[in-house]
Engineer: 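Could you have a look at this structure, given as structure tokens, before my questions?
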Amino acid sequence: MSLAHNGVLFLDELPEFKRDSLEVLRGPLEDRVVSISRVQSNLTYPCNFMLVASMNPCPCGYFGDKERKCKCTEQQIINYKNRISGPLLDRIDLHIGVSNIKFENLENSNEESSEQIKQRVNKAREIQKIRYKKYGIFSNSELTQKLIDKFCKLKDSSKSILEKYFKKNSLSARSYSKILKVARTIADLDESKDIEDTHVLEALRYRILDKR
Amino acid sequence: MTDFIDIEDKNYPESLKKVNKPPKKIYYKGDIGLLKSVCFSVVGSRDVTNYGAYIERKFVNHIARRRATIVSGLAVGADSIAHEEALNVGGKTIAVLGGGFNHISPEKSIPLYERILKEGGLVISEYEDDCQALSENFPIRNRIIAGLSLGVLVVEAKFRSGSSITAKYAMKQGKKVFALPGRLDSVNGTGVNNLIKNGALLAASPSDIINEIPELKNSTRIMVKSTFIKREYRKIYNILNDIPMSLDEISIRTQNSVQATSNLLSLMELEDLIDEFPGARICQKISKVKINLKAHLAKI
């Protein structure tokens with residue numbers, strides 16, 4: 001993990017990792033340091049990384065695919081998803097479902113280029129940098145609870161949306177602050193000063209794995 | 001111990017006395033008077049497809065509104081949807097268990113079981129409280145489902161499945177048996193199509209059933225307020241059906257931006273109007289009871 005310090009740790013096929021190796025990610029993801037205790041000594045390494053992981057929707061990989069038929073049983077799919085524990089999922093900000101790309105669309109896409117996206121992202125980061133200048137942090141992800149209360153104020157309408165969502169999916173307090181931070185980031189990308197309903201709603205769409 | 005009635009009881013329906021080995025005692029919870037109401041059974045596969053569930057809901061909706069008590073077996077899938085939809089329109093429903101009241105099976109159906117009792121339905125069993133819900137009990141239990149009702153509708157069934165057994169009991173007892181035509185390339189279609197070949201009536205619309213059964217035809221209808229869908233949701237809701245559609249597709253068809261569509265969909269999800277499937281594909285909410293995860297996988 002320490003090798004990924006200030007970088008990205010990418011885990012492909014997340015459920016294929018052993019459960020206990022995944023669970024040890026939890027501490028470092030929160031504290032941004034990894035501690036190793038041996039008889040002789042205690043070592044602490046820095047590991048401020050961004051975790052990116054990918055997984056299939058089911059063991060065979062075709063669950064939900066439009067063209068091909070999935071061969072897994074319902075129980076297999078549930079077991080597969082359960083290999084990633086709730087607490088670990090809680091610590092992942094964005095869950096995004098991607099479907100197959102048709103061959104026709106592989107070549108000519110007139111979507112936003114990476115260059116353009118980079119510009120937008122840089123702009124949003126700049127906004128955050130300026131906003132948090134006094135607090136010694138750089139980005140929304142580093143917000144503490146106190147700062148969340150200060151910078152991620154919600155409108156009443158957004159609050160009631162979140163309340164409904166939480167009741168429906170019975171989520172933890174941790175996911176609540178995660179959603180707020182994500183909503184804040186989406187608002188920054190929009191160059192909007194306040195968090196609007198649409199930002200909260202978009203943030204909720206990145207929580208697909210909450211629905212088990 | 002759970003209350004029971006015996007075969008001499010005034011609430012014991014005549015039609016049930018005619019089945020093979022009528023149960024000597026019926027253990028029950030809920031409104032025992034329902035046994036003598038006009039009953040109609042709806043049964044089908046546990047692995048009911050999204051399409052099957054969608055159509056079943058429409059049929060049960062109409063039949064239950066003709067004040068028929070919907071009888072089924074509390075299993076996951078088609079059975080649960082039958083019970084649920086009957087309650088949704090304010091109708092009555094009877095669940096026939098395959099075990100004693102201390103072993104409600106399957107466990108997944110317990111919330112539905114509680115809802116049935118809360119909303120004035122009836123749950124019965126011929127087994128004593130401590131009897132396990134053994135798999136061999138279920139086919140035997142099906143004679144009661146058939147025996148209670150004037151007719152049976154089979155939604156989707158595999159070849160030689162429990163639902164086909166119920167249908168066969170019903171035919172033997174001289175009841176009307178209806179089947180929804182099944183897909184030719186789906187295992188869930190073989191059972192129903194086989195029933196139709198062997199004399200079950202093909203139900204192409206709810207009126208096909210209602211017109212065959214005078215008790216339903218002559219009954220007044222329960223008026224139900226259609227679920228109110230907010231104006232801003234209607235455009236999306238109306239293009240959705242049982243076949244999951246992608247966000248892009250929806251936004252193109254409603255001529256709205258992806259972001260606006262996505263926002264609306266989030267709100268609709270919160271209000272339980274839609275179901276979401278992996279790969280960000282969305283369809284109309286089929287049922288609040290969990291239907292099989294794989295339901296929509298039947299090829300589209």
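Within every chain, numbering begins at 1; the chains are lettered A, B, ... in the order of the sequence lines, protein sequences first and strands thereafter.
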Engineer: Is it true that, when you exclude B/Arg160 itself, more than 12 heavy atoms of the residues, nucleotides or ligands shown sit nearer than 6.0 Å to its CZ?
Structural biologist: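 Open: at most 12 neighbouring heavy atoms sit under 6.0 Å from CZ of B/Arg160.
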Engineer: Can you tell me how far the CG atom of B/Leu247 sits from the CZ atom of A/Arg205, to the nearest 0.5 Å?
Structural biologist: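 So the gap between those two atoms works out to 6.0 Å.
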Engineer: Can you confirm whether more than 12 heavy atoms, excluding those of A/Arg125, are under 6.0 Å from its CZ atom?
Structural biologist: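 No, CZ of A/Arg125 has 12 or fewer neighbouring heavy atoms, counting only those of other groups under 6.0 Å.
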Engineer: Is B/Leu265 close to chain A through its backbone or its side chain, or both, or neither, when contacts mean heavy atoms under 4.5 Å?
Structural biologist: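 Both backbone and side chain of B/Leu265 come within 4.5 Å of chain A.
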Engineer: More than 12 heavy atoms of other residues, nucleotides or ligands under 6.0 Å from CZ of B/Arg234: yes or no?
Structural biologist: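 Yes.
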Engineer: Please check if the number of heavy atoms outside A/Phe138 that lie under 6.0 Å from its CZ is greater than 12.
Structural biologist: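 Atom CZ in A/Phe138 is not packed in, count stays at 12 or less.
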Engineer: Would you indicate whether B/Glu107, at its atom CD, is surrounded by more than 12 heavy atoms from other residues, nucleotides or ligands within a distance under 6.0 Å?
Structural biologist: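 No, not enclosed.
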Engineer: Is the number of heavy atoms from other residues, nucleotides or ligands under 6.0 Å of B/Glu136 CD greater than 12?
Structural biologist: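 More than 12 heavy atoms, drawn from other residues, nucleotides or ligands, come within 6.0 Å of this atom.
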Engineer: So which bits of residues 179-201 of chain A come within less than 4.5 Å of chain B, counting non-hydrogen atoms only?
Structural biologist: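 So the qualifying residues are A/Thr198, A/Leu201.
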Engineer: Just by modelled atom types, is the B/Asp272 backbone N or O under 3.5 Å from a matching donor or acceptor in the A/Lys168 side chain?
Structural biologist: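 No, because the side chain of A/Lys168 does not come within donor-acceptor range (under 3.5 Å) of the backbone of B/Asp272.
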